[in-house]
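A short worksheet on the structure shown next.
The structure presented is a predicted model; accordingly, all values stated were derived computationally and were not measured. Hydrogens, waters and symmetry mates are skipped; everything else that's a heavy atom, side chains included, is used. In each ligand, atom 1 is the first atom listed, and ligand 1 is the first ligand listed.
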Amino acid sequence: MNLLPAVRSFLSSPKQLLIDGEWVDAKDGRTFATVNPSTEEDLVQVAYASSVDVDRAVVAARAAFESGSPWSRMTPRDRSHLLWRIGDLIEAHADELAQLEALDNGKRVEAARDGDIATAAELFRYFAGWATKMEGTTIPMSVPGREFHAYTRREPIGVVAGIVPWNFPLLMACFKIIPAITAGNTVILKPAEQTPLTALRLGELLLEAGVPAGVVNVLPGFGDTGAALVAHHGVDKVAFTGSTEVGKKIAAAAAGNLKKVSLELGGKAPNIIFADADIDAAIAGAVLGGYFNEGQCCVNGSRLYVQRGVFDRVVEGVAAAAAAITVGDGFDPAAQMGPLVSQEQHEKVLGYIRGAVRDGAVLTAGSADRVGDRGYFVQPTLITGVDERMAVQTDEIFGPVVTAIPFDTEDEVVAAANNTVYGLAAGVWSTDIGTAHRVGARLRAGTVWLNTWHADDVTLPRGGFKQSGWGRELGSFGLDDYTELKTVIAELR
Ligand code: ADP
């Protein structure tokens, strides 16, 4: 494996917590190992933040936020320039960050560099533009005989805890940090226990770019670290991406001081292919939509619904493409798909596939056995003969597992597609623009793709209907959840 010197050097020493601009050990000295999912080998020891460290970070983030601090005195233009500088630094370190991401998460180095890392840099630049454009409004008042000037201001909320998952480690960290600091908040980031490395390297780059001490703190740890942040009365907002199960716990735990909560949770997206679709494009879209990021993506189209007349053709096409995918180490240029992130995830995904076979479903592509004897590899699967009650059809699996079910009518497929607690994404394939837009409007999901999948931009808001979450991230809506709206009324005497 051809590791860059910067990556070797980063991995040569145990990783610490970033609190108040300093790298420090956990107060109780605890550490955990982060693992390379392609080899199952430990990469490096990482400090494990306890509630004591959470207290330290909250004190630092609060002090950095307070009026009069260097951060509070920075102008919107200062913040804009700072954000742009960080984007440049990420781009300059793209190869190194991509290697770290591939080592820690398993994804292919090119996928990390051209996807995760490039988007992270772009996200800093996109929000650099917003820092100077957070405007209020002037609002007329009608009080007979008196005159007023009323206006709104958008102000930061305070200390934001960002808690993120392992599927896009750097990018998810950026989804939380960037809008938070654009609006002038301070942040405590808790990366996922499986993938803390790029968030820690980002912490170094933020200091190098000139982010003042305490504005962004990074606390690796497990669920208990996240729970300590969510329970802390010094935290004003939690921004979470992860499972619906943990999202519900966070919503409940946040009630103590009524901290603001935004949640981007699970999905089980329906991908609907009508008989009049461009079938080759729909097959390619189903493959990308189903298996992108090793299937570990909450907006993947894991439930395929295909109109009966083209069902066999679509299933054959998707199955052939799935079988042709080469699974291997993220550093192997021949690999088209890496391993799953962890042993736990590997066992869970294989368990779902075995369960489907036990329930009488058919593996049209893929296997219920592990690929190879080392690393958390799974061959992408396509499962037919499924009914709506099977776990493989109802649960978010977060692996390269797609089910296919035939349908006859539009009403039938809309009802089936919406028959889920989730509402994150959905898709429709049809060359009839009426069908595409009408069905798109009937699907209860935060993102709907028509004749495409995973088409994306940092300009687009994203988030979930139903149990897929609260709030929207990115785009012009992306700052709303990181600001308080203040109404100011002045009497003109
Ligand atoms: P996944 O199923 O994708 O691993 P989780 O929802 O379990 O997602 O975890 C996402 C993030 O939430 C991780 O950083 C994890 O450590 C954190 N987490 C897990 N449990 C809790 C909790 N009770 N409170 C706060 N954060 C938690």
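Judged by the 6.0 Å and 45° rule, Lys237 forms a cation-pi pair with Tyr482. For the pair Arg472 and Phe477, the cation-pi test (distance below 6.0 Å, angle within 45°) is failed.
In this model, a donor atom of one side chain and an acceptor atom of the other lie less than 3.5 Å apart for Tyr352 and Asp395. Using modelled atom types and a 3.5 Å distance limit, the side chains of Ser302 and Asn300 yield no donor-acceptor pair.
Residue Gly242 approaches ligand 1 through these ligand atoms, each under 4.0 Å from one of its heavy atoms: 6 (O).
At a heavy-atom distance under 4.0 Å, only side-chain atoms of Glu193, from C-beta outward, approach ligand 1. Heavy atoms of Trp166 found under 4.0 angstrom from ligand 1 belong exclusively to the side chain. At a heavy-atom cutoff of 4.0 Å, ligand 1 is contacted by the backbone of Val164 but not by its side chain.
For ligand 1, the polar-atom distance check against Thr241 finds no nitrogen or oxygen pair separated by under 3.5 Å. Of the N or O atoms in Gln194, none lie within a sub-3.5 Å distance of an N or O in ligand 1. At least one N or O atom of Lys190, backbone or side chain, sits closer than 3.5 Å to an N or O atom of ligand 1.
A salt bridge is defined here as a Lys NZ or Arg NE, NH1 or NH2 lying under 4.0 Å from an Asp or Glu carboxylate O, and Asp456 with Arg462 meets this definition.
With distances taken over non-hydrogen atoms, the option nearest atom 20 (N) of ligand 1 out of Gly223, Gly221, Ala161, Pro165 is Gly223.
With sequence neighbours excluded, the residues forming a side chain to side chain contact (heavy atoms under 4.5 Å, CB included) with Ala319 are Thr364, Ala365, Leu382, listed by chain and number.
No donor-acceptor pair closer than 3.5 Å links the side chain of Gln45 to the backbone N or O of Pro14.
Proximity of Phe240 to ligand 1 is established by a heavy-atom distance of less than 4.0 Å.
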